[in-house]
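Here is the naming used below: chain letters follow the sequence lines, and residue numbers restart at 1 for every chain. None of the values given here were measured: they were computed from a predicted structure.
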2 protein chains.
Amino acid sequence: MSLKSQHIPRATIQRMAVYIQVLESLQRDGKDVISSELLAKTCSVNPSQIRKDLAYFGEFGVRGVGYYVQDLITSIKQALGVDRVWKTAVVGIGNLGRALLNHREFKLRGFHIVGAFDCDPFKIGEIVSGLEVICSRRLKEKAEEIGIEIGIITTPPERAQRATNYLVDAGVKGIINFAPARINVPDDVTVEYVDFFHHLYAVAFNVTLNAESE
Amino acid sequence: MSLKSQHIPRATIQRMAVYIQVLESLQRDGKDVISSELLAKTCSVNPSQIRKDLAYFGEFGVRGVGYYVQDLITSIKQALGVDRVWKTAVVGIGNLGRALLNHREFKLRGFHIVGAFDCDPFKIGEIVSGLEVICSRRLKEKAEEIGIEIGIITTPPERAQRATNYLVDAGVKGIINFAPARINVPDDVTVEYVDFFHHLYAVAFNVTLNAESE
DNA sequence: CAATTCATGTGAAATTTTTAACAAAAAACG
DNA sequence: CGTTTTTTGTTAAAAATTTCACATGAATTG
Ligand SMILES: NC(=O)c1ccc[n+]([C@@H]2O[C@H](COP(=O)([O-])OP(=O)(O)OC[C@H]3O[C@@H](n4cnc5c(N)ncnc54)[C@H](O)[C@@H]3O)[C@@H](O)[C@H]2O)c1
Ligand SMILES: NC(=O)c1ccc[n+]([C@@H]2O[C@H](COP(=O)([O-])OP(=O)(O)OC[C@H]3O[C@@H](n4cnc5c(N)ncnc54)[C@H](O)[C@@H]3O)[C@@H](O)[C@H]2O)c1
């Protein structure tokens, strides 16, 4: 039906990202067509799940055939809104912030880093990966000039809320927070938290569980 | 009831990691006691959710009072099995692998990196963060010597499966995969995938959605 | 020390998400 | 060109998860 304004589960969005990843692998391997059954096996999900997930956005397959890999990648990226350039900015130019600025994959995937902000006077003015580090207090002013859509926070945790405030104040509606701290934002701002210790905890728990049950 | 061998939702485990993060923040701020209501607000979940999650593992609160922050941190870490040292190894000593080896937070959280493996003859023998880089073909042999419990894969995606095979062969039961590729493992091996582009996609999608609906 | 307040732990209800089942449509085949 | 095969899109059923509601137990107060 693909009617808009229907609620799409968060889990669906997460799986869509996995589908892109797997489809791009398939494409590199020269595969043209894939069935929901095979795609499902690779993603470790149920085939119905995939068809259901895709149905939220439209009809992308051909009955009796499957999905054309290239077309499906394009369709999913369009559905997610990642078929265009997103202007992003990094706040907190320390170890991690620098690593992200130097990571070329961002540009490759349409996330162009157009701003680098820090509060440390020794860092302000420095050129990192072709970008001048700007004082984070000037974020709003700069945002009006360059247009920031997504903010990436890589400050220490106790500074994450302040960085958030700068971003929100500048009208940024999407935030990725690498600092291990929860942040408060207005309802119309989206936050995603990235913390790989969460994954380590999950693995440790599962390994413990499996070890006990045998 | 806290009876063992009851299935615990994956989502619960993910939230437990968030609870630890927030509780540690509260502890740094000198807070001794917290109610499920306040903790819930900080974590952006329902208070019942927290009580239910914790109930899978035991009774950690005091009625009419709340939870003692320090005790709850200890209890959750124990419940997850992260109150001990986990011996981990990194496979693929490139940019990311090196960054992880140099990240002191791992040791701080009980994840001790005891092995560094790569297949590149130019890297083998090099000392990175006090560890000698070993040939990945010798992983099994080395694992028997040092005891590896968790493997971290930071190879290019097309090599992730090979790295996985070495780890599985060496008896490793938990894997964190930073390479953007799905990997196949036996049933008794747990895999967690880390890919921050998934988070960027999710934010881009939500920002698009919110922008449309206004 | 009874009464009151407070916040947990928990069983039942509501909601959401996943899985199964199948009709519909496209291609392949004789 | 009808028949068979294949695999999607979709509706219905099943399962899982979340939320509600409240009884229970601990502390506090008068
Ligand atoms: N280094 C890693 O590999 C890694 C991995 C995962 C998560 N993290 C998290 O990412 C964050 C950054 O880590 P790091 O190693 O880069 O730390 P860092 O100390 O090297 O960098 C932090 C930077 O943030 C800047 N900063 C502080 N307050 C600021 C503010 N209000 N506005 C703008 N900039 C501000 C500091 O000047 C500094 O340059 C931390 O929260 C850390 O826990 C780091
Ligand atoms: N660099 C980042 O910031 C970053 C961030 C997120 C994800 N990643 C992902 O992490 C992976 C590594 O990234 P990188 O930038 O460190 O790449 P890199 O090329 O610098 O490092 C890859 C390393 O893996 C080694 N390797 C290859 N095959 C191997 C095998 N079979 N066994 C053992 N070692 C092997 C290579 O010799 C090399 O040293 C990639 O899949 C990348 O997509 C990187």
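Nearest-nucleotide assignment on DNA chain C puts the 5′-proximal partner with A/Pro9, out of A/Arg51 and A/Pro9.
In this structure, the side chain of B/Arg98 engages the main chain of B/Ile93 through a donor-acceptor pair within 3.5 Å. Between the side chain of A/Glu149 and the main chain of A/Lys87, a donor-acceptor pair closer than 3.5 Å is present.
The separation between A/Gln14 atom CD and C/dT18 atom C1' is 15 Å, rounded to whole Å. Here the P atom of nucleotide D/dA26 and the CD atom of B/Glu59 are 10 Å apart, to the nearest Å. Put simply, CD1 on B/Ile34 is 17 Å from P on C/dC6, counting in whole angstrom units. Going from atom CG of A/Leu54 over to atom P of D/dG9 covers 7 Å, rounded to whole Å. Per the geometry, OH belonging to A/Tyr68 stands 12 Å off P belonging to D/dT8, to the nearest Å. The CG atom of A/Asp53 sits 14 Å away from the C1' atom of D/dT10 (whole-angstrom rounding). Distance CG (B/Asn46) to P (D/dT19): 5 Å, rounded to an integer number of Å. One interatomic measurement links the two molecules: CD of B/Glu37 to P of D/dC20, which rounds to 12 Å at whole-angstrom precision.
Between A/Arg63 and the phosphate of C/dA23, there is no side-chain N or O to OP1/OP2 separation shorter than 4.0 Å. Here A/Arg10 does not reach the OP1 or OP2 of C/dT17: none of its side-chain N or O atoms lies under 4.0 Å away. Using a 4.0 Å cut-off, no side-chain N or O of A/Gln49 falls inside it from OP1 or OP2 of C/dT17. One finds a side-chain N or O of A/Tyr67 lying less than 4.0 angstrom from the OP1 or OP2 phosphate oxygen of D/dG9. Phosphate proximity of D/dT8 to A/Ser36: present, with a side-chain N or O under 4.0 Å from OP1 or OP2.
Using a 3.5 Å distance cut-off with no hydrogens or angles, the side chains of B/Gln78 and B/Thr74 do not pair a donor with an acceptor. Defined by atom type and a distance below 3.5 Å, a donor-acceptor pair is missing between the side-chain atoms of A/Arg182 and B/Thr42.
For B/Val62, taking side-chain heavy atoms from C-beta onward, the closest of the listed nucleotides D/dA26, D/dA21, C/dT19 is D/dA26. The side chain of A/Val65 lies closest to C/dA27, out of C/dA27, D/dA12, D/dT19. In this structure, of C/dT17, C/dT10, D/dT10, it is C/dT17 that holds the atom nearest to the side chain of A/His7.
Heavy atoms of B/Ser35 sit under 4.0 angstrom from primed sugar atoms or phosphate atoms, though from no base atom.
Using bins of under 30°, 30° to 60° and over 60° for the plane-to-plane angle, the ring pair B/Phe196/A/Phe106 lands in the parallel bin.
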